[in-house]
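Just so we're on the same page: letters track the sequence lines, and every chain starts at 1.
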Number of protein chains: 2
Amino acid sequence: MKLDSTPDDVVPGLLVGAGAGTRVPTPPLRGRVTMQQVAAEAGVSISTVSKVINGRYGVSTETVDHVTRVIDRLGYEASLVARSLRNRRTNVVGVLVMDFEPFSTEVLKGVADAVHGTGYELIAYSAGGHEEAREGWERRSLTRLMATLVDGAVLVTPTVTDVQADGPVVAVDPQAGPSALPAVAAHNLQGARLGVEHLIELGHTRIGMITGRSDLMSAQQREQGYREAMAAAGLCVDQALVRSGGFEPGLSRVAARELLSGTDRPTAVFAANDLSALAVLEVARDLGIDVPGQLSVVGFDNIPESVLAEPSLTTVQQPIRRMGQEAAEMLLALIAGEDVHDLDRTLDTSLVLRSSTAPPVQVR
Amino acid sequence: MKLDSTPDDVVPGLLVGAGAGTRVPTPPLRGRVTMQQVAAEAGVSISTVSKVINGRYGVSTETVDHVTRVIDRLGYEASLVARSLRNRRTNVVGVLVMDFEPFSTEVLKGVADAVHGTGYELIAYSAGGHEEAREGWERRSLTRLMATLVDGAVLVTPTVTDVQADGPVVAVDPQAGPSALPAVAAHNLQGARLGVEHLIELGHTRIGMITGRSDLMSAQQREQGYREAMAAAGLCVDQALVRSGGFEPGLSRVAARELLSGTDRPTAVFAANDLSALAVLEVARDLGIDVPGQLSVVGFDNIPESVLAEPSLTTVQQPIRRMGQEAAEMLLALIAGEDVHDLDRTLDTSLVLRSSTAPPVQVR
DNA sequence: CTGTTAGCGCCTTCAT
DNA sequence: ATGAAGGCGCTAACAG
């Protein structure tokens, strides 16, 4: 009978209008129902409730029934947090990201694919996104969640990979040299070559590049691929045509504007990622430069947005979603204690032809 | 003195060779470093460590320094879980989804946009994805996380909205009638009208529809929009031209085949979502019906695939990401205790013209 | 300024 | 078959 008399704790949340004064189901008392309350309502001890929930032996059939009914009525569900804290095993895998942007969410979909039907739950965590928390977010996130909320984690695009965690960790697209972690990455160098070779085959010779964040391995490899393709075709790289866009829209717009405003602008631009390529498209439009008529643009990543762009973007596709899948499969195997053979996987990239590239105009 | 004598609890994790008796940088002992260990290593009490971490007053400068150093050296980071369990406030907002698919991840990006720089962390949670867990996932997830891991939550496409949680909850694209929850949705009715009006303006009069899942509000509204647009133009709806596609490809193909096989087939079809519209395209191709020559098709959603279709799909766009943003803004305001005025927002949709629509052929 | 004490919600021996 | 007690990692009163 103590259930109806709890005037001490004011409800901070919203009260639903639905009058519940009607039949049986004791108006699911508001807010967090704890095992405590279930026990009280059922007139048994907390531990008995726990046993019922976890299907432990040593509870009479009728007690089980009764408690189960109370649980249903109250809409009780064990707190993930409390349970995690207590148990070593949580049955949850985590995807740790710096931010939720196109790349990481695509990886997330892949991880979800692989986790489906395994009985694991999935948690994606971002410490908040911007700048401040940049340095070492992967270490912090890992420490904060691992072994206390998740059984294992997929690290998306980590800058630091010499992390130490007491559970399995797999990196996707690691950015710090030969990783100390099991990892899944795309073949950046090959991809960049593909993209630039496409432009060269179209007849372009003045090809500029918006590079990525110089401290990241993928950025370096893509730039190297660009240089290799140019060199292989006997074309020289005009340093004035290489600008950094830092893998992000803001800087990329600035870089693109510099690149396209000059008198002797390139006829084609290879961007280190789609976000940068989209920025180029935007700037070109501002400047009245027709794409692909007067300027060809090739991106890298093939994020969903790239196809929605106007014109749709020719880009180098990374099998992002697949990367997430493979990472998750590795992770689950590692959690299961199986020994995984190929701890460092590199997936092939491919060129996706769309509408942002064309042969250069024959000017004079 | 009881700190060094805890032989009862065997470390289940991996043991590193590093003896702790040596010099300075005690090789960051592996795995989960707890406050306990930091305290022991620093020779102070646990609560002192806690105070240092939380910047509480009443700790001598040198102690702060010392403890801080130890924390750095050990790479300690407070467990999100333990902290959440203790505090009422967690500084984390959750996005609860049935699964990580294109729609929900798009919402997620929007939420992330809005959360940036607010100091909140973001957790996206999916109970596993498929079928089994369908019914009531929103209720379960909410109960499991709210007030114990997150301060508030965004529910994506919940089927049930009469949930009771002890914290703010905002629904995005709720599917269960006038929601009892604060909600953000797209203007399905208006969108449907836009799509159908476009067909009418092109000159179509025999316009069919592939409807969605009849138990979902969005489906009902889209159908209503279709009927209203028809009525407004003085066109009557031939019931034989309205078939259910259940929002999914399989059923939609069947429906499309029925619709297009008849002798008196429609000259245009409005589909309740892009997936259905794509099915129509497919069936039309099978049947040798030219789109948009002999048949115009309009979809709803504007998923990336719609632009890749052949021909690319004219469709009604929902501002999905924006919906996530608004939901998050509402949520943060609610958490902050501000009173939000507009608790049920409807965002405008817009028509995206592509290549699957054209005037009807003048047959005879 | 520092340490002790008491839980947050849950699960698990260990008694009864 | 049931309940009491202790503790997961952390914080917030209260002592000293």
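The shortest side-chain heavy-atom distance between Leu96(A) and Trp137(A) falls under the 4.5 Å cut-off. Side-chain contact between Thr90(A) and Arg83(A) is absent, with no heavy-atom pair separated by less than 4.5 Å. Residues Val170(B) and Leu334(B) form a side-chain contact, since some pair of their non-hydrogen atoms from C-beta on lies under 4.5 Å apart. The closest side-chain heavy-atom distance from Thr161(A) to Pro158(A) is below 4.5 Å.
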Below 3.5 Å between N/O atoms, which protein atoms pair up with nucleotides 14-16 of chain C? Just atom names and distances, please.
none

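OP1 or OP2 of dT2(D) has at least one side-chain nitrogen or oxygen of Thr63(A) nearer than 4.0 Å. Taking 4.0 angstrom as the limit, Arg56(A) places a side-chain polar atom (N or O) nearer than this to OP1 or OP2 of dT12(C).
Using modelled atom types, one finds a donor on one side chain and an acceptor on the other under 3.5 Å when comparing Glu101(B) with Ser104(B). A donor atom on one side chain and an acceptor atom on the other are not found under 3.5 Å apart for Thr105(A) and Thr105(B). For Ser47(A) and Ser50(A), the side-chain atoms include no donor-acceptor pair closer than 3.5 Å.
Note: OH (Tyr57(B)) to P (dG3(C)) measures 21 Å, nearest angstrom. Rounded to whole Å, atom C1' of dG9(C) lies 9 Å from atom CD of Gln36(A). Straight-line distance from the CG atom of Asn87(A) to the C1' atom of dT13(C): 14 Å, rounded to whole Å. Taking atom NE2 of residue His66(B) and atom P of nucleotide dC1(C), one finds them 17 Å apart after rounding to whole Å. The nearest whole Å value for the distance from the CD atom in Gln37(A) to the P atom in dC8(C) is 12 Å. We find that CZ of Arg89(B) is positioned 17 Å from C1' of dC8(C), with the value rounded to whole Å. Taking atom CG of Leu145(A) as the reference point, atom P of dC8(D) lies 20 Å away to the nearest angstrom. Computed from coordinates, the Ile46(B) CD1 to dT5(C) P distance equals 12 Å when rounded to whole Å.
You'll find that the side chain of Ser60(B) is closest to dT2(C), out of dC10(D), dT2(C), dC10(C). Comparing dC10(C), dC10(D), dT2(C) by their nearest atom to the side chain of Ala78(A) picks out dC10(C). Picking from dC10(C), dA12(D), dC10(D) the nucleotide with the shortest atom distance to the side chain of Ser79(B) gives dC10(D). Checking dC10(D), dG3(D), dG3(C) against every side-chain atom of Thr48(A), the shortest atom distance belongs to dG3(D).
A donor N or O paired with an acceptor N or O is not found under 3.5 Å between the base of dT12(C) and the side-chain atoms of Ser50(A).
Val44(A) comes within contact range of the sugar-phosphate backbone alone, with a heavy-atom separation under 4.0 Å but no base atom that close. Residue Ser47(B) is classed as a base contact, given a heavy-atom separation below 4.0 Å to a base. No contact: Thr148(A) has no heavy atom under 4.0 Å from any strand. Nucleic acid contact for Tyr76(B): sugar-phosphate only, since backbone atoms but no base atoms lie under 4.0 Å from a heavy atom of the residue.
The main-chain N or O of Asn54(A) is found under 3.5 Å from a side-chain atom of Arg56(A) such that the two form a donor-acceptor pair.
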